[in-house]
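Everything on this sheet refers to the single structure shown next.
Each ligand, and each atom within it, is numbered from 1 in the order the structure gives. Treat the numbers as computed from the prediction; the structure is a model and nothing was measured.
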Amino acid sequence: MKIYLVGGAVRDQLLGLPIQEKDWVVVGATVNEMLQQGFRQVGKDFPVFLHPKTHEEYALARVERKIGKGYTGFDFDASSSVTLEDDLLRRDLTINAMALSAEGELIDPFHGKEDLENKILRHVSKAFVEDPVRILRIARFAARFSQFGFTVAPETMSLMKEMVNAGEVDALVAERVWKEWEKALNEKNPEKFFEVLFECGALQVLFPAIQLNENLMKASSVISDPEMQFALSLFGVSLVDITSICDRYRVPTIFRELAILLTTFYPVYIKITEYPAEYLLDFLQKTDSFRRDVRFKKFLKMCEIIAAVYSQPQSTAFIMQAFEAAKISYLEADLKGLTGKQIGELIYQKRLNAIKALSFYHQ
Ligand code: CTP
């Protein structure tokens with residue numbers, strides 16, 4: 001048997017990036033031989049093993065054939081006659097279809113190294129179309145690598161468009177969409193994820209309510225927080241549509257909440273200086289700013305970005321002044337003998353007085 005390092009580890013090593021995870025391909029072995037060597041079988045759908053010591057993944061070289069719709073309908077052959085080239089051929093991108101032998105030889109039948117040098121995301125073969133998740137993966141790789149100048153090859157984009165037109169994207173299940181979307185939110189340029197999906201037509205199928213706003217996307221690229229990236233990408237979408245997107249893709253609450261907060265309260269943010277102190281306190285309370293100040297500060301940061309893009313008023317400095325003044329600790333007040341309702345009223349009054357005392361209201 002022969003063992004090769006494959007996939008992302010080879011790609012990242014050639015790019016000079018830190019290697020996240022090592023995946024290995026084993027050629028010329030059977031399941032029994034692997035078990036005899038102490039590997040533990042983990043793959044449910046095809047033979048993948050964990051190394052007894054390093055716990056890295058070792059997969060038998062395999063070829064796949066699509067037998068049904070969607071990404072689950074696959075049959076595979078992992079017999080010991082499957083070659084390394086066969087295994088590389090079934091992979092998504094040329095830059096992900098390289099292997100490195102133990103002797104350090106690069107096996108690169110599809111010119112992945114050249115595509116790495118030319119910064120091109122190019123599919124390996126027509127078999128690309130057999131797995132619609134790959135559309136999302138390409139968009140995610142664009143989000144990760146566009147900082148280095150990578151773009152999607154025109155012929156790969158055409159293929160992705162064909163897949164969308166053939167209805168392949170309709171078969172994607174929610175979990176897979178969110179998994180790739182979430183990963184993209186953690187990349188350097190999450191906005192590229194949507195750009196690529198838009199260009200191939202998948203955005204219109206997966207997220208019909210989202211309209212791309214180039215200026216806002218550009219301005220958002222300074223943010224490296226995935227929850228903020230999520231909320232910003234949904235800015236401009238109605239609350240009803242945000243909720244339905246979040247339901248459809250089972251988006252975790254922490255993302256959902258921030259997006260809803262931003263869309264609900266941005267209109268208040270830009271007008272807040274025109275309103276009385278009571279309104280400002282109401283805004284601070286409804287945004288739960290006193291209890292969730294980290295989230296509140298994320299909200300303010302996003303408002304600043306949007307206000308800059310649309311040339312609307314920047315209210316952060318004023319809001320923060322009020323927030324600091326009204327951040328009254330319950331311990332400071334004499335609460336002895338008061339009911340819960342009375343405590344609430346007392347704190348409210350103290351906060352309101354603190355806000356009203358701001359010089360802004362005495363000009
Ligand atoms: N792969 C594929 N098609 C998929 C998923 C994976 O062809 N739908 C192949 C690619 O060759 C990929 C390898 O399996 O390089 C490993 O997949 P994965 O670990 O998901 O991705 P990586 O390329 O390692 O990227 P990442 O850095 O995001 O882990």
Side-chain angles (χ1 to χ4, degrees), residues 4-27 42-43 45-50 55-66 70-74 76 78 82 84-100 106-113 115-116 120-148 150 152 156 159-160 163 168-169 171-173 175-190 192-193 196 202 226:
Y4 299 87
L5 184 65
V6 283
V10 179
R11 175 199 69 217
D12 290 346
Q13 187 169 321
L14 288 173
L15 279 174
L17 298 174
I19 294 175
Q20 307 294 346
E21 205 181 66
K22 284 185 175 170
D23 291 317
W24 306 87
V25 157
V26 184
V27 181
V42 287
D45 305 325
F46 37 78
V48 180
F49 302 83
L50 292 187
H55 305 295
E56 286 167 1
E57 273 189 19
Y58 287 67
L60 294 187
R62 67 176 187 271
V63 288
E64 287 171 349
R65 253 188 341 245
K66 191 162 173 168
Y71 72 99
T72 46
F74 281 101
F76 69 89
V82 176
L84 178 64
E85 279 73 11
D86 291 336
D87 182 282
L88 296 176
L89 178 66
R90 72 167 170 82
R91 291 173 184 266
D92 54 359
L93 293 174
T94 61
I95 63 167
N96 290 340
M98 296 181 275
L100 203 57
L106 184 73
I107 296 98
D108 181 18
F110 309 107
H111 313 291
K113 187 157 183 272
D115 281 344
L116 265 192
I120 293 178
L121 303 171
R122 192 197 313 274
H123 66 283
V124 173
S125 78
K126 272 279 186 186
F128 182 91
V129 302
E130 296 187 347
D131 178 5
V133 171
R134 288 175 169 173
I135 293 180
L136 300 167
R137 282 174 59 88
I138 305 319
R140 172 165 69 80
F141 281 116
R144 185 187 297 180
F145 289 138
S146 79
Q147 60 177 315
F148 307 125
F150 275 79
V152 180
T156 302
L159 205 55
M160 286 159 59
M163 291 166 75
E168 284 290 342
V169 169
L172 280 170
V173 296
E175 285 79 3
R176 296 305 300 263
V177 176
W178 172 247
K179 195 171 148 222
E180 295 296 328
W181 188 4
E182 186 180 18
K183 283 186 182 174
L185 292 169
N186 282 283
E187 299 295 359
K188 182 80 171 65
N189 295 94
K192 291 283 168 200
F193 182 71
V196 169

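Under 4.0 angstrom from ligand 1, the non-hydrogen atoms of F141 all belong to its side chain. Contacts of V6 with ligand 1, taken as heavy-atom pairs under 4.0 Å, are absent altogether. When heavy-atom distances to ligand 1 are checked against a 4.0 Å cut-off, R144 comes that close only through its side chain, counted from C-beta outward.
Nearest non-hydrogen protein atom to atom 19 (O) of ligand 1 is D23 OD2, 3.8 Å. Among all protein heavy atoms, the one lying closest to atom 22 (P) of ligand 1 is R11 NH1, 3.9 Å. Here the protein heavy atom with the shortest distance to atom 8 (N) of ligand 1 is D131 OD2, 2.8 Å. For atom 9 (C) of ligand 1, the nearest protein heavy atom (residue, atom name, distance) is R91 NH1, 3.7 Å.
With sequence neighbours excluded, the residues that form a side-chain contact (heavy atoms from CB on, under 4.5 Å) with L17 are D12, L15, F145, F148. For E182, there are no salt bridge (charged side-chain N to carboxylate O under 4.0 Å, His left out) partners two or more places apart in sequence or in a different chain.
Residue-ligand proximity, G7 to ligand 1, at heavy-atom distances under 4.0 Å covers atoms 15 (O). Close approach to G8 involves these atoms of ligand 1, each under 4.0 Å from a residue heavy atom: 15 (O), 23 (O), 24 (O). In the vicinity of N96, heavy-atom distances shorter than 4.0 Å reach the ligand 1 atoms 10 (C), 11 (O), 15 (O), 23 (O). Ligand 1 places these atoms under 4.0 Å from at least one heavy atom of R140: 28 (O).
In the candidate list H123, R134, Q20, R134 is nearest to atom 2 (C) of ligand 1, counting heavy atoms. Across R176, R137, E21, heavy-atom proximity to atom 18 (P) of ligand 1 is greatest for R137. Ranked by closest heavy atom to atom 7 (O) of ligand 1, the top entry among D92, L93, I19 is D92.
Taking a distance limit of 4.0 Å, we find that atom 26 (P) of ligand 1 is approached by some protein heavy atom.
Taken from CG in N96 to CG in L116, the straight-line distance is 9.0 Å, to the nearest 0.5 Å. Considering CD of E64 and CG of D87, their distance stands at 8.5 Å, rounded to 0.5 Å. Note that CE of M98 is 9.0 Å distant from NZ of K113, once rounded to the nearest 0.5 Å. Between the CE atom in M160 and the NE2 atom in H123 there is a gap of 11.0 Å [rounded to 0.5 Å].
Side-chain atoms of K183 and N186, non-hydrogen and from C-beta on, never get closer than 4.5 Å to each other.
Side chains of H111 and T94: a donor-acceptor N/O pair is absent below 3.5 angstrom, by distance only.
Listed here is the closest heavy atom pair of E180 and V133: OE2-CG1, 4.2 Å.
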Open item on the list: The test is side-chain contact (heavy atoms from CB on, under 4.5 Å); show your working for V124 and L88 and say whether it passes.
Closed with: CA-CA 8 Å; V124 173; L88 296 176; over 6 Å; no
